[in-house]
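Contents: one structure, followed by commentary.
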Amino acid sequence: MNTKKLQSFVSENAIYIVLAVLLIGIAVYEPSFIGLNTLRDILIQSSTRVIIALGVAFILITGGTDLSAGRMVGLTAVVSASMLQEVDYARRFFPNLPELPMFVPVLIAIAVGLLFGLINGVIVAKFKVPPFIATLGTMVAIYGINSLYFDTDPNQSQPIGGLRSDFTNLLGSGSIGKGDFSIPYIVIIAIVVCAIVWVMFNKTRLGKNMYAIGGNEQAAKVSGINVSKNLILIYSIAGALYGLAGVMEAARTGGATNNYGNMYELDAIAACVVGGVSTTGGIGTVPGIMAGVLIFTVINYGLTFVGVGPYWQQIIKGAIIVAAVAFDMRKYANKK
């Protein structure tokens with residue numbers, strides 16, 4: 001393999017090389033890091049984050065951004081948790097609510113996420129508000145709505161607990177198999193969502209339109225693509241993904257508060273950028289996004305495992321984000 005081919009290989013597979021180096025480096029420093037329990041924990045922690053990142057990726061690929069993702073996750077976590085408490089729990093959010101089929105609150109929470117995604121899409125596509133400003137506004141508004149809902153009587157801003165075991169087992173702690181060889185349901189759900197999104201990105205008209213809009217919006221309009229319609233649909237799908245992630249986060253942790261999801265959007269954006277989603281739009285893959293999420297989970301979990309403090313972790317994460325954006329901009333400049 002000559003130098004040019006080697007450089008091309010490293011450039012195209014940099015994200016996977018970084019992930020491998022991180023894993024090897026931590027394992028050399030602390031051999032006990034390598035094990036099925038560690039892998040299982042990393043995958044569980046990555047499951048909700050990858051779904052949020054996929055939602056953000058839809059919007060980044062169109063050349064936009066979404067700062068409201070984390071607050072949508074928090075709102076939908078609270079909405080789903082408030083309707084899925086045990087009927088004999090002392091501090092029920094809705095004391096007189098009968099036990100609902102589990103899919104009803106789940107679908108309601110996903111619909112709430114979709115609704116706010118739709119609102120974002122309309123603001124961006126119809127009112128021509130820049131995505132940064134539009135989603136910054138909805139981020140603040142959604143947190144306010146969530147806090148008002150969370151503060152209603154008789155809950156009065158108390159953490160929501162006592163979630164039903166069928167909910168927490170299926171979408172949180174449950175798994176197929178036994179012991180170290182079990183596969184958590186939450187991981188399976190995340191893999192299925194990744195597969196569906198991959199199909200949407202690569203095999204549907206919406207996916208082709210999404211890349212076209214991100215590559216050159218004016219050219220997309222000239223070619224006959226209804227940009228407004230596609231943007232509204234894309235933001236709505238992203239909102240539904242945030243809703244699903246919020247439901248899964250409530251099940252995984254066994255509760256919810258109005259502060260759930262705080263800053264999740266920044267982690268998702270960072271994972272997307274590190275995973276090869278271009279900050280200028282038009283570029284991004286599902287495997288890259290998955291790798292980006294895994295990198296940040298390995299950083300959080302692995303560095304904690306070896307005793308690195310949280311402040312140093314933030315410095316390392318920040319350096320990786322800056323390096324990834326710089327690398328992305330360099331590639332973009334070279335193509336021009």
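Given the structure is predicted, the values throughout are model-derived calculations rather than measurements.
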We want to know whether Asn120 and Thr135 form a side-chain donor-acceptor pair, criterion being a heavy-atom distance below 3.5 angstrom.
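No donor-acceptor contact under 3.5 Å links the two side chains.
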
Taking atom types as modelled, is there a side-chain donor on Asn155 or Arg92 under 3.5 Å from an acceptor on the other?
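There is no such pair (donor and acceptor under 3.5 Å, judged by atom type) between the side chains of Asn155 and Arg92.
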
With distance as the sole test, does [X] use its side chain to make a donor-acceptor pair with the main-chain N or O of [Y] at under 3.5 Å?
X	Y	value
Asn300	Phe296	yes
Tyr211	Gly284	yes
Glu99	Glu86	no
Thr297	Ile42	no
Ser80	Thr76	yes
Asn169	Ser165	yes
Glu265	Gly70	yes
Thr138	Ala134	yes

Considering residues at least two apart in sequence or located in another chain, which fulfil the ring pair (Phe, Tyr, Trp, His ring centres under 6.0 Å) criterion with Tyr143?
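Per chain and number, Tyr143 pairs via ring pair (Phe, Tyr, Trp, His ring centres under 6.0 Å) with no residue.
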
Do Asn262 and Arg71 have side-chain heavy atoms sitting under 4.5 Å apart?
yes

Ring geometry between Phe201 and Phe58 (parallel below 30°, tilted from 30 to 60°, perpendicular above 60°):
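If you compare the ring of Phe58 with that of Phe201, the planes turn out perpendicular.
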
Kindly work out whether a path of hydrophobic side-chain contacts (I/L/V/M/F/W/Y, heavy atoms less than 4.5 Å apart) joins Met263 to Phe116.
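No; tracing contacts between hydrophobic side chains, which count when under 4.5 Å, never links both residues.
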
Among the clusters formed by ILVMFWY side chains lying less than 4.5 Å apart, do Phe94 and Leu100 turn up in the same one?
yes

So with a 6.0 Å cut-off around OH of Tyr89, is the heavy-atom count from everything else above 12?
yes

CD1 (Ile316) with more than 12 external heavy atoms under 6.0 Å
yes

Transitive ILVMFWY cluster of Tyr260, excluding itself - 4.5 Å side-chain cut-off:
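Under the 4.5 Å side-chain rule, Tyr260 groups with nothing.
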
Connected hydrophobic set around Ile24, excluding itself, where side chains approach under 4.5 Å
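ILVMFWY cluster around Ile24 also holds Val28.
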
Evaluate the criterion side chain to side chain contact (heavy atoms under 4.5 Å, CB included) for residue pair Trp312 and Leu303; output intermediate values, then yes/no.
CA-CA 9 Å; Trp312 281 106; Leu303 295 184; over 6 Å; no

Stepwise side chain to side chain contact (heavy atoms under 4.5 Å, CB included) check, Val56 with Tyr242
CA-CA 9 Å; Val56 169; Tyr242 306 148; 3.5 Å; yes

If we check side-chain contact (heavy atoms from CB on, under 4.5 Å) with Phe93, which of these qualifies: Ile160, Leu84, Val79?
Ile160

